[in-house]
Structure formats: structure tokens, C-alpha cells
Amino acid sequence: RFYTARRCVARYCYAGIISKGASDGLYEDCMAYKCGVTSQGTVIYPENADGLGASIARSGSDRLRIVRGITFDNGDDQIDMSHSRDSSAEGCIALNGNSQNLPNGDGNGYKVGNDQNEAIGSGRECRRLLVRNCFALGNQSNGMDPRDGIDGVFYNNTAYGNRGQFGFSTGATGHTTLLIGNISWGNLGSDIFKGDQAKTADYNNWAGSSGSQVPGGDQNSIREDPGF
């Protein structure tokens, strides 16, 4: 318990900086890139080649904070907090997930829900996860994917130019996911998928409109084709 990784870099390895079952951790100003391949381009094991997170082997970690993390070109998810509770990602950038199109690599920007749809009361269901002031750009799958997490909050984030089905995907059976003050734009599929009425969305660029609209003059700073 009570561990810190500060200004660390992981590259060309099996996985990035990943907590395996430990609790009360802080990753601050860390970077992870091109995990899942060697420097010569040989595929290692892309299915668990996450950049930063707490999910490998479904062991989970609680009370993990990821602050100002930068992740890009990792074979699986860029930031993965599956099976984690009371955890957060703040001020992070997740870019070009699975840009190499590796087999079995998910390529989400942020994955923060139950990867295997853990039953309520199992003790390993995701609860109280926060993603705030983060960017998901040009990932091969969804930009921000809460899956079936519980009591999750996505606040003031941007999902742009992701090539999966959704910029924000809240899954079909999630619980009380809050989407507040987010922008989703220029994603290959839908900019938002809201799975059920338990979700609350307000002050997002898609709220109250028939299609995605970027409020104010913000649309002048983004393009439909990000060119990543």
C-alpha cells in the first residue's frame, strides 16, 4: 500500500506502468508508449499491453490516482482502470491506442468499467471512478469507455477523432454514470452512446441537440479529420 511512481517512463515492454492488486497508489507525470511491441516492431502480447492503469490479470487495485499521465501507441488500452474502485485519472492524455493494429489489442483511450461485467455484490465490481480534464485522441476504439462501471463520473473531458464506434460509450447495463461538461467530436462512429436511463448527461456538447454540436466558438479549434 501507499506507493508512488513519479516521472517514470515505460516503453517497448509487455505492459506499461500497471498496479497489480496494490492499493492507495499515485502515478504522477508518468509516460507509457509503444508497449506490446519491441523496438524492432516484434509483437509481444498486445492483449494486456496497457499504458497506465490497474487491471492486468483482472486483479484490480483500489484508490489509484493517475495525474497528468501521457500514453500513446500502446497495443491495448492507453489508460485502463478495469476492476478498480475509488480511482481517478486527471489531466491525462490518451493518444493513438493500438495504432499498430495489433491482434487482440483493444485500443481504447480510457477503459474504466467492469471488463467482464462483474456481478453487483461480487466485491470486484467497479465503483466510484473519476475521469476529469482528460483527452482521448485518435484511438482505434472508443475514446472513453466506462463499460459497466458504477457511480462513475466523466467531467470536462474531450474525445476527438477516435476511430471506434463511440467517443463516449456508457455500455448497455451501466449504473449511475455521470457525463458532465464533456466534448465528443469527429469520432468515426457516434460521438456518444448512452446505454440506459440510469445515466445522467448535462452540459455536454451533445445535450439538447439532435446531433453533436460544439458550443460557442470551440468548433474553430478542431477539424473533422484530425490527421493523427
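Residue numbers run from 1 in the order of the sequence given. Please read these numbers as outputs of a predicted model, since none were measured by experiment.
A5 and C30 make their closest contact through O-SG, 3.2 Å (heavy atoms, listed as atom of the first residue, atom of the second, distance). Between I79 and A89, the shortest heavy-atom contact is CG2-CB, 4.5 Å. Smallest separation of non-hydrogen atoms from C35 and N74: N-OD1, 3.0 Å. Across G143 and A136, no two heavy atoms sit closer than the pair O-CB, 3.4 Å. For G109 against Q78, the heavy-atom pair with the smallest separation is O-CB, 3.4 Å. Annotation for G36 and A49: closest pair CA-CB, 3.5 Å, computed over non-hydrogen atoms.
For the pair C134/F154, no side-chain contact is recorded, criterion being any heavy-atom separation below 4.5 Å from C-beta on. Between M144 and S184, the closest side-chain pair of non-hydrogen atoms is not below 4.5 Å. Side-chain contact check for V67 versus Y27: every heavy-atom pair is 4.5 Å or farther apart. Looking at heavy atoms from C-beta onward, R132 lies out of side-chain contact with V153 at the 4.5 angstrom threshold.
Taking CG from N187 and CZ from R163, the interatomic distance works out to 10.5 Å, rounded to the nearest 0.5 Å. Between Y14 atom OH and D50 atom CG the span is 9.5 Å, to the nearest 0.5 Å. Summarising the geometry, atom CE belonging to M81 is positioned 10.5 Å from atom CG belonging to L52; distances are rounded to the nearest 0.5 Å. With rounding to the nearest 0.5 angstrom, the CG atom of N162 is 10.0 Å from the CG atom of L188. Note that OG of S88 and CD1 of I66 are 8.0 Å apart. Values are rounded to the nearest 0.5 Å. Rounded to the nearest 0.5 Å, atoms CG (L129) and CG (D86) are 8.0 Å apart.
Although no hydrogens or angles enter the test, the distance criterion places no donor-acceptor pair under 3.5 Å between the side chain of S141 and the main chain of N108. A donor-acceptor pair under 3.5 Å links the side-chain atoms of N98 to the main chain of G105, judged by distance alone. Not a single donor-acceptor pair under 3.5 Å links the side chain of D80 to the backbone N or O of V112. Checked by atom type and distance alone, the side chain of N204 pairs as donor or acceptor with a backbone atom of N182 at under 3.5 Å. Side chain of S99 to main chain of G97: no donor-acceptor pair is present (N/O by atom type, distance under 3.5 Å, no hydrogens or angles). No side-chain donor-acceptor contact under 3.5 Å links D77 to the backbone of K111.
Between R65 and E90 a salt bridge is recorded (basic side-chain N to carboxylate O distance below 4.0 Å). Between K34 and D73, none of the side-chain N atoms (NZ, or NE/NH1/NH2) sits under 4.0 Å from a carboxylate O, so this pair counts as no salt bridge.
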task = Go through L95 and Y33 one step at a time and tell me if the side chain to side chain contact (heavy atoms under 4.5 Å, CB included) criterion holds.
result = CA-CA 9 Å; L95 176 67; Y33 63 97; over 6 Å; no
Audit row: Y3, S19, side chain to side chain donor-acceptor pair (under 3.5 Å) steps and yes/no = CA-CA 10 Å; Y3 61 95; S19 172; 2.8 Å; yes
task = Might you work through the side chain to side chain contact (heavy atoms under 4.5 Å, CB included) test for Y110 and C92, ending with a clear yes or no?
result = CA-CA 10 Å; Y110 299 78; C92 297; 3.6 Å; yes
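Atom OH of Y155 sits in a sparse spot, with 12 or fewer heavy atoms from other residues, nucleotides or ligands closer than 6.0 Å. For CZ of F135, the number of neighbouring non-hydrogen atoms (other residues, nucleotides, ligands) closer than 6.0 Å is 12 at most. Annotation: R68, atom CZ; neighbour count of heavy atoms from other residues, nucleotides and ligands within 6.0 Å is above 12.
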